[in-house]
Amino acid sequence: MTETTDRELRMDEPDESREENRESAQRGGIDMARFGSFITKKRKEKGLTQKQLAERLYISNKAVSKWERSLSLPDVALLEPLARELGITVTELLRGEETERGLSGEGSERAFTRDEIERMLAEKLRFPETLSEEERVQRKRVKKKRAVGYFSGLCLSLGEMALLFLFRERLGLSLFDLTMGLLLVNPTMLIMGIWPFFFMAEKLPPIYDSVRLSEYARGGFHMSISGVYFNNRNWPHITKALRWSFFLIPVCWPVVFVLLRWITPDFIWLYGQIVLMLAVMLGGIFVPAAVMGKKYE
């Protein structure tokens, strides 16, 4: 990417979004504006273009452009090779300025530990929410409704499973079929459904509205949908689709399972049931989320 294009992209980027991203990162210990300009300065001092620097790091030149425009920060694994290519230390890179220690890494300045680096980079994707009292009350109501929805699905699912095990002989189902067919799908979906019903964020950090990101991670939860970029326009629809998926699949699957078992020959069922159940779970989760994500992207 040429320097002219870089300047044009700077002009196209909304001032408000850039300012929110910088403030978010500054709260985490990294000044993104300083970080980006420092990379630009050191890259030019080395006589490198964005493309040349990207090739040395085995990444796209778009990633380098985003760093220099203060839109994103590199992955932790890239910090050391990036600093090495620019002829600086990781500490200098993160601070956005050169220190007295120079390249040797020696001196009175304390270097960042790896944990501190990871914490600061993680902070760029967080932002504090300031809610009014009315908004807090409304959010509590929404959480209560979602809790009711989750536990309603849980009770319905467990009730259906209990009835099927109780009347399995009348329905012509073996204990093995029920165990394989129900205990793989329903408990898995109910456990996975805890996150979207109770812990999934209501709103994404501002950086998602400025950079095309197709991954979302928070705590132990990680979600990526190929071809779908998350932002605050489609995020409410994606989360709603996920909640409906995790409600409907465990509620509807016992009935669907019985019907399929009745009409499917034994030899096909024996070899195809695992594939079918995986298709139901994965397709039921990601297809609705992908459709809503693309529709409102």
Side-chain angles (χ1 to χ4, degrees), residues 12-14 16-21 24 62 66 71-72 122-132 134-157 185-186 188-253 255-256 277-297:
D12 293 339
E13 192 63 33
E16 183 178 351
S17 296
R18 289 206 307 270
E19 187 61 30
E20 286 175 338
N21 292 339
S24 175
K62 291 182 179 180
K66 289 177 182 178
L71 296 180
S72 66
E123 287 294 333
K124 78 180 188 296
L125 296 178
R126 300 179 187 171
F127 63 99
E129 290 186 285
T130 55
L131 302 176
S132 65
E134 183 179 351
E135 289 173 327
R136 288 194 183 95
V137 172
Q138 179 63 26
R139 181 160 293 188
K140 287 182 180 179
R141 290 175 183 169
V142 170
K143 288 183 177 180
K144 286 182 180 179
K145 288 182 180 179
R146 290 177 183 170
V148 170
Y150 176 80
F151 286 111
S152 297
L154 174 67
C155 292
L156 287 170
S157 176
V185 176
N186 281 39
T188 301
M189 297 300 293
L190 290 170
I191 292 172
M192 293 175 62
I194 293 175
W195 182 264
F197 273 97
F198 295 100
F199 300 108
M200 186 165 280
E202 300 286 334
K203 187 178 179 182
L204 293 174
I207 195 171
Y208 278 87
D209 295 324
S210 303
V211 183
R212 291 164 67 85
L213 299 173
S214 59
E215 294 187 9
Y216 170 78
R218 186 174 181 180
F221 179 84
H222 181 89
M223 181 172 68
S224 177
I225 303 177
S226 179
V228 177
Y229 298 100
F230 303 139
N231 53 57
N232 282 300
R233 294 180 298 279
N234 61 12
W235 187 248
H237 302 284
I238 291 173
T239 56
K240 185 177 181 179
L242 287 174
R243 285 190 289 270
W244 273 110
S245 295
F246 284 111
F247 174 85
L248 290 174
I249 292 176
V251 169
C252 298
W253 174 246
V255 177
V256 174
M277 287 184 283
L278 289 175
V280 168
M281 289 191 291
L282 297 178
I285 295 171
F286 289 105
V287 171
V291 170
M292 300 305 289
K294 291 299 293 184
K295 181 179 179 180
Y296 294 97
E297 187 178 296

Smallest separation among heavy atoms of G193 and P196, with atom names =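 Scanning both residues completely, I find the closest heavy atoms to be O-CD, 3.3 Å.
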Listed by chain and number, what are the side chain to side chain donor-acceptor pair (under 3.5 Å) partners of N186, not counting sequence neighbours?
-> S157
Contacts table for residues 278-296: side-chain donor-acceptor under 3.5 angstrom, sequence neighbours left out:
from, atom 1, to, atom 2, distance (Å)
K294, NZ, G227, O, 3.2

[X] [atom1] to [Y] [atom2] distance, which is reported to the nearest 0.5 Å:
{"X": "W253", "Y": "M189", "atom1": "CH2", "atom2": "CE", "value": "11.0 Å"}
{"X": "F246", "Y": "I191", "atom1": "CZ", "atom2": "CD1", "value": "11.5 Å"}
{"X": "M200", "Y": "I238", "atom1": "CE", "atom2": "CD1", "value": "9.0 Å"}

Do any pairs count as a side chain to side chain donor-acceptor pair (under 3.5 Å) and have a residue in residues 231-249, sequence neighbours left out, and if so which ones?
->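 Checked against side chain to side chain donor-acceptor pair (under 3.5 Å) - neighbours excluded - the pairs reaching residues 231-249 are D209-N232.
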Report the residues that fulfil side-chain contact (heavy atoms from CB on, under 4.5 Å) with V255, sequence neighbours left out, ordered by chain and then residue number.
-> E160, L259
Return yes if some donor-acceptor pair links the side-chain N/O of E297 with the main-chain N/O of Y229 below 3.5 Å, else return no.
->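 Yes, because the side chain of E297 sits within donor-acceptor range (under 3.5 Å) of the backbone of Y229.
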Does R146 have any salt bridge (Lys or Arg N to Asp or Glu O under 4.0 Å) partners at least two apart in sequence or in another chain, and if so, which?
->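 Testing R146 for salt bridge (Lys or Arg N to Asp or Glu O under 4.0 Å), a comparison that skips the adjacent residues, returns E202.
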Contacts of type ring-ring contact (aromatic ring centres under 6.0 Å, His included), residue F197, not counting sequence neighbours | Y150
